[in-house]
Amino acid sequence: MKILVAVKQVAALDEDFQIREDGRDVDPDFFVRDLNEWDDFSLEEAVKIKEASPSPVEVVVVTVGPDEAEEALRKCLAKGADRAVRVWDDAIEGSDPIAIARVVAAIAKHEAPDMLFAGVQSSDQSFASTGIAIAGLLRWPHAAVVSSLTYTPGARSATARRELEGGLLQEIEVQCPAVLTIQLGINTPRYASLRAIKQAAAKPIETRSLADLGLNESHVGEAGSLSRVRRMYIPEKGRAQLIEGDAAAQAGRLAEIIKEFKGEAA
Amino acid sequence: MSGILVIAEQRRGELRPVSLELIGAAQSLKRAADPVTVAILSQAPERFTASLSVAGVDEIVTIKTAAAEFDPDTFEAAVGALVDQRNPDVVLVAHSVDSFGYAAALAERRGLGFATDVFKAEYLDGALVATRGGYGQKVSVEVDFPDRSTVLLALRANVFKPPEQPASPKVTDFAAPAAEARSTGKGFVELGAADDVDMTAAEFILTIGRGIGEESKVAEFRELADAVGATLGCSRPIADAGWLPKSRQVGQSGKTASACKLYVAMGVSGAIQHLAGMKHVSTIVAVNTDAEASIFSVAKYGIVGDIFEIAAELRKHF
Amino acid sequence: MSRTDAVTRILFEAFPTAEVRLFYAIGYAAIAVFLWGAYVQVRKYRRGAALPLGHLGQRLGSMLGAVFGGRTVDRRDHAAGGAHRLIFYGFFFLFLGTSTITLEYDILNPLFGIRFWHGAFYLWFSLVLDIAGVALIAGLLYMMYRRGWLQLPKLDYARPDRAPGDPDFDRPQYRREDWAFLWLLLVIGATGYLLEAARLVWLQGRPDVWDTRWWSPVGAAVAEALAAGGLGAGSAGLLRHGLWWFHGLIALFLIALIPRTKVKHIFTAAASLMVRDPLAAQRLPKVPEAQQHAGVAKITDFTWKQLLNLDACTKCGRCHEACPARAVGAPLSPRDVILSLREFANATLESGKLPDAAELDVHGKSPGQVAQETLWSCRTCMACVEICPVAVEHVPIIVQMRRKLVEDGDMDPLLTKTLQTITKTGNSFGESRRKRGAWSKALPFPVKDARKEPVDVLWFVGDYASFDPRNQKVSQLFAALLNEAGVDFGILYDGESNAGNDIRRVGEEGLYEMLAASNVKALASAKFNRIVTTDPHSFNTIRNEYPDFGGKFEIEHYTTLLKRLFAEGRLAVTAPLKYRTTFHDPCHLGRFNKGYDAPRDLLALLGCELVEMGRCKSNSFCCGAGGGRIWIPDPVGAEKPAQNRIREAAAIPGLEVYVVSCPKDLTMFEDAVKTTGNEGKFVVKELIELVREAIPARGAEAAA
């Protein structure tokens with residue numbers, strides 16, 4: 001049995017970041033990289049299923065990204081993934097989530113897992129598209145925003161709860177193999193100690209090129225994408241009127257605002 | 001045909017409000033004679049035609065589905081077939097949990113231009129440009145769609161203004177191709193039924209976020225909320241940690257502060273998902289140590305300071 | 001042969017050969033039981049992990065000093081220390097004396113015909129032993145009084161980490177053993193005198209015995225009393241025969257039992273003192289590169305030395321008394337950690353065959369196991385290690401057990417989050433690295449970037465002083481003071497990371513290794529003469545632990561630097577302060593690194609009156625933030641160590657300023673002053689703030 005988990009190394013922006021010279025992205029000097037928070041949960045879900053399963057289950061993590069993305073994969077290996085696969089080619093630069101999904105789907109065809117997990121979205125670009133695009137490419141059943149899951153590896157269906165808007169959950173049964181996008185809070189991701197991460201450095205990370213996957217440059221990058229970044233800029237932010245003074249003065253003004261409101265409401 | 005196709009959303013027999021926002025967006029986006037078509041998928045789609053008959057809608061397409069609720073396979077097949085038939089310039093869907101479930105697959109299969117979480121769409125020099133947030137909303141990203149004759153945009157909720165005037169568009173029936181649903185809905189579960197609070201009805205909400213740091217502090221703010229007469233709410237991390245019931249969570253996956261008039265956010269940084277549930281509130285007061293927190297971009301008043309100190313001081317006034 | 005030459009110890013006088021042989025048989029059996037027991041104990045220790053040990057001569061010397069000086073037992077409990085000295089020396093001389101009998105009777109005389117055991121030597125010997133017996137009995141009687149009547153809380157075995165009703169809640173077997181031990185020694189001592197007296201009365205007709213009787217004054221006095229009471233020589237002979245056997249048998253019984261009872265502390269405590277690590281808590285053990293898992297999961301993962309430590313404990317309760325976690329009702333007593341593990345080791349490692357690995361797991365809630373909550377309650381403040389009279393090193397034991405918990409992710413979610421934050425950003429505040437030096441922007445002069453230009457003094461600022469708004473103000477004051485004193489100093493800006501002291505004490509060794517390597521690299525690439533730090537935690541790890549990671553630097557805490565600047569006249573008090581103050585010794589400056597004097601000298605220089613709290617210097621009471629506890633929420637409603645401490649300070653009449661010299665202390669105690677309702681009564685101040693206040697003129701200029 002095998003579960004494939006698609007992960008991403010995301011970038012948060014450091015203090016006083018600047019836009020790259022071509023105006024189409026942020027200067028990478030200001031990236032603070034980490035494993036996408038959602039992927040932490042989807043990996044944990046896979047590892048939990050593996051640990052609870054009486055039959056052997058292999059958890060394989062896959063990412064599409066340059067060398068530095070291996071850091072995210074090592075974290076996954078430290079947390080219990082059995083294998084890690086990374087795909088990169090300079091042509092992938094500039095890919096939208098659909099092009100990325102094409103690469104992951106190619107890996108999935110190669111790995112033939114029984115289940116594929118992806119995070120609902122990434123904390124940096126929040127596309128919320130990659131997982132379901134993979135499902136579309138594989139023609140697999142899928143369910144988005146899964147916040148609880150009952151699945152036995154190898155079973156022909158799984159039961160899941162999807163988190164809808166407004167605090168509503170929908171319970172569904174989905175045929176397997178399937179692609180599920182996993183929501184935060186579905187479990188409590190374990191801590192990967194730094195020693196475990198260091199030791200995971202000894203585990204090999206398999207790398208694949210586009211050619212290995214039967215893809216070429218037309219499938220990725222801007223050519224393989226459904227959108228293109230035209231410009232990136234720092235938006236003018238609406239700004240609250242700041243209440244100045246020490247804590248007592250600030251709280252005093254807040255108390256006034258509350259009392260005004262209650263006066264109106266009464 | 002050209003024009004704009006809007007996919008409305010319904011759930012449990014109710015039209016989702018975002019559907020009208022999509023129509024509003026279509027109105028402001030459309031060029032001259034572009035027709036605006038609204039499609040609604042349901043077991044009984046005719047029930048929604050009245051609510052969808054608003055200014056700017058030229059045609060309502062009703063699509064009858066076998067299942068009562070959203071199913072990704074049915075939606076992908078039906079919307080796909082409609083796009084094939086109508087060949088619109090733009091398809092507008094909501095950036096919602098429903099569209100998460102099929103829009104990307106649909107766009108990929110048909111090679112549609114595609115962008116999600118779009119909060120601004122316009123034609124610049126004849127080309128469609130969509131704007132979305134990037135890097136945790138710290139930047140705005142303009143994307144375009146070279147060589148795509150049809151573009152699918154998933155629009156952020158609570159951004160576009162719904163039209164108010166009624167209209168009488170024509171209503172057409174569309175027979176969707178049969179699709180095999182590979183997942184089956186088993187019903188709904190309401191979260192947090194144990195706690196009888198109704199955040200959607202509360203007029204004055206005091207919300208706590210990650211900034212409170214530890215569970216032991218919750219009691220202090222619960223007491224403060226009681227004292228000032230507010231309903232205590234929270235952001236996602238607090239509910240996920242189990243410090244407050246899910247029913248008190250405000251935001252996209254929690255409750256919308258629909259009736260709220262005064263919203264005091266303490267230690268809430270303002271993730272986009274949280275803002276979705278409260279940024280419409282007329283008076284928002286944000287208290288946060290981080291002057292750069294995005295909550296300050298939607299707040300009317302801001303206090304940069306220690307939430308515990310402010311809370312302690314505030315308590316003295318009540 | 002003169003008369004005194006004939007004087008000698010009466011040994012087997014009037015014993016039939018068969019009885020002598022029986023006695024020897026029993027004696028050899030007792031020794032055999034002792035040796036077997038000793039072998040089992042040594043085998044137990046050898047089942048622990050290897051640990052090389054050098055400097056044996058030096059170690060022996062310091063051990064003998066501690067054992068014969070009795071200083072470690074005397075600390076903070078002079079009465080017990082005195083009584084222990086009486087027992088120790090009494091027992092020592094009695095044992096030595098008895099051994100010399102064997103030496104002559106069984107070895108030297110039969111083999112070489114050497115006899116020394118008569119005449120003046122014997123007489124002096126009698127006198128010394130008689131006095132030793134008095135000392136022993138007096139010491140024992142005091143100990144009985146202490147145990148029976150004083151009801152000292154530290155001798156109460158009720159455990160904070162167990163509930164009443166748990167099988168190992170208050171360990172009544174320990175109480176029984178304690179009393180049995182005291183009674184056994186007392187009976188041996190008392191029957192010794194009775195035996196001596198009976199022998200004197202029995203042999204009153206022999207001048208070599210009777211005329212020298214006052215050389216054993218207690219025995220002689222008892223003999224006089226017995227004789228006066230009508231005991232005749234014949235009955236005395238019978239009595240002596242009976243007592244001889246009784247006294248001999250219980251003494252042999254004691255010897256046989258040594259390895260299995262608390263008596264063994266005679267050996268284990270001495271051995272433990274000999275293998276003592278003077279930096280046990282200050283410099284935690286490295287994890288060998290090749291070792292698969294960090295930390296201790298099984299009892300056999302402890303080193304032989306740690307297993308020996310467990311056996312050295314005499315349950316004196318000093319650590320129990322000193323522990324700040326225990327004092328506020330947290331489920332931790334260092335004593336009980338040690339005793340639990342000892343019971344666990346005895347149950348698993350004394351049998352002939354080593355049990356399966358599964359039965360060696362020391363983590364859990366069964367008797368002998370240590371619970372997670374217990375391990376996470378520790379502040380690694382070192383109060384236990386510091387006071388232990390027999391060199392038990394609790395802190396490395398607890399931290400090594402935590403390493404295993406960290407590896408399994410068994411920790412508070414907030415701590416998990418903090419560790420992830422530090423991994424990502426290098427600081428516990430989750431702030432951008434780039435903002436590390438931002439506090440210096442508010443200064444009217446630039447602070448040198450020590451990465452870019454050489455400086456005399458490199459200031460290692462630390463997390464709290466860099467990012468916490470309250471502490472940033474202190475950092476700005478200190479920078480201004482250095483600037484005014486003309487000190488050529490600089491900081492590493494974003495080249496600096498969290499020093500890692502507390503990360504290591506949490507048990508996240510991998511992260512510590514990363515932080516230490518990063519800081520060592522940054523420091524090594526800067527040019528400076530010495531490091532100063534405002535953070536005692538950073539001070540400790542850079543001073544004591546970085547050398548293990550290739551970073552040997554000269555470092556001092558700011559208090560010694562400021563003191564020197566005053567001494568050199570580069571700073572001068574212009575507005576003496578008249579505050580009534582008390583000083584809180586930070587664990588990592590005081591107990592860890594013996595920096596007791598400089599802050600006090602500074603306070604005196606400033607003109608402040610210093611009133612010491614009861615718990616000060618080596619017995620300073622932890623603020624509760626150490627060992628990563630600053631990132632673990634305290635239980636709701638329970639007293640916090642900082643509150644306990646502030647209540648202690650509040651008892652000082654007229655206290656104006658509670659002085660600290662550690663950023664975490666400032667945070668913890670300012671909070672505690674508020675939460676204990678002492679706001680407005682006295683204030684918490686960093687020593688730096690007082691120094692600034694005492695040099696106001698130029699201070700106002702700098703602040704402008």
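Residue numbers start from 1 in every chain, and the chains themselves are labelled A, B, ... in the order their sequence lines are given, proteins ahead of strands.
The most heavy-atom pairs under 4.5 Å with chain B, out of A:Val145, A:Ile98, A:Leu164, A:Leu242, come from A:Leu164. Contacts with chain B were tallied for A:Ile19, A:Thr159, A:Asp25; A:Asp25 has the most, counting heavy-atom pairs under 4.5 Å. In terms of non-hydrogen atom pairs under 4.5 Å with chain B, the most contact-rich of A:Ile258, A:Ile234, A:Val174 is A:Ile258. In terms of heavy-atom pairs under 4.5 Å with chain B, the best-connected choice from A:Thr188, A:Leu13, A:Thr181 is A:Leu13.
Using a 4.5 Å cut-off between heavy atoms, A:Ala255 touches chain B through backbone and side chain atoms alike. At a 4.5 Å heavy-atom cutoff, the contact between B:Thr131 and chain A is made by side-chain atoms alone. Looking at B:Leu128, there are no atoms closer than 4.5 Å to chain A (heavy atoms on both sides), in backbone or side chain. Residue B:Val264 touches chain A through its side chain alone, counting heavy-atom pairs closer than 4.5 Å. Only the side chain of B:Val129 comes within less than 4.5 Å of a heavy atom of chain A; its backbone N, CA, C and O stay farther away.
The shortest side-chain heavy-atom distance between B:Phe100 and A:Arg162 does not fall under the 4.5 Å cut-off. At a threshold of 4.5 Å between non-hydrogen side-chain atoms, the residues B:Tyr301 and A:Leu254 do not count as touching.
Taking a cutoff of 4.0 Å between a charged side-chain nitrogen and a carboxylate oxygen, A:Glu171 and B:Lys186 do not qualify as a salt bridge.
From A:Ser227, atom OG reaches atom CZ of B:Phe145 across 5.5 Å, with rounding to the nearest 0.5 Å. In this structure, the separation between OG1 on A:Thr130 and CD on B:Glu108 is 12.0 Å, given to the nearest 0.5 Å. Within the model, atoms CD of B:Glu142 and OH of A:Tyr233 stand 5.0 Å from one another, a figure rounded to the nearest 0.5 Å. Rounding to the nearest 0.5 Å places NE2 of B:His95 at 7.0 Å from OG of A:Ser129. Atoms CD and CG, from A:Gln170 and B:Asp71 in turn, are 9.0 Å apart once rounded to the nearest 0.5 Å. Rounding to the nearest 0.5 Å places NE2 of B:His317 at 6.5 Å from NZ of A:Lys259.
Smallest separation of non-hydrogen atoms from B:Val97 and A:Glu165: N-OE2, 2.8 Å. Considering every non-hydrogen atom in both B:Arg182 and A:Pro141, the closest pair reads NH1-N, 3.4 Å.
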From CA spacing to verdict: salt bridge (Lys or Arg N to Asp or Glu O under 4.0 Å), B:Arg236, A:Glu163: CA-CA 13 Å; B:Arg236 176 164 199 125; A:Glu163 188 181 275; 3.0 Å; yes

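By a heavy-atom distance cut of under 4.5 Å, B:Arg132, B:Gly133, B:Gly134, B:Tyr135, B:Gly136, B:Gln137, B:Lys138, B:Val139, B:Ser140 are the residues of residues 132-140 of chain B near chain A, going up by number.
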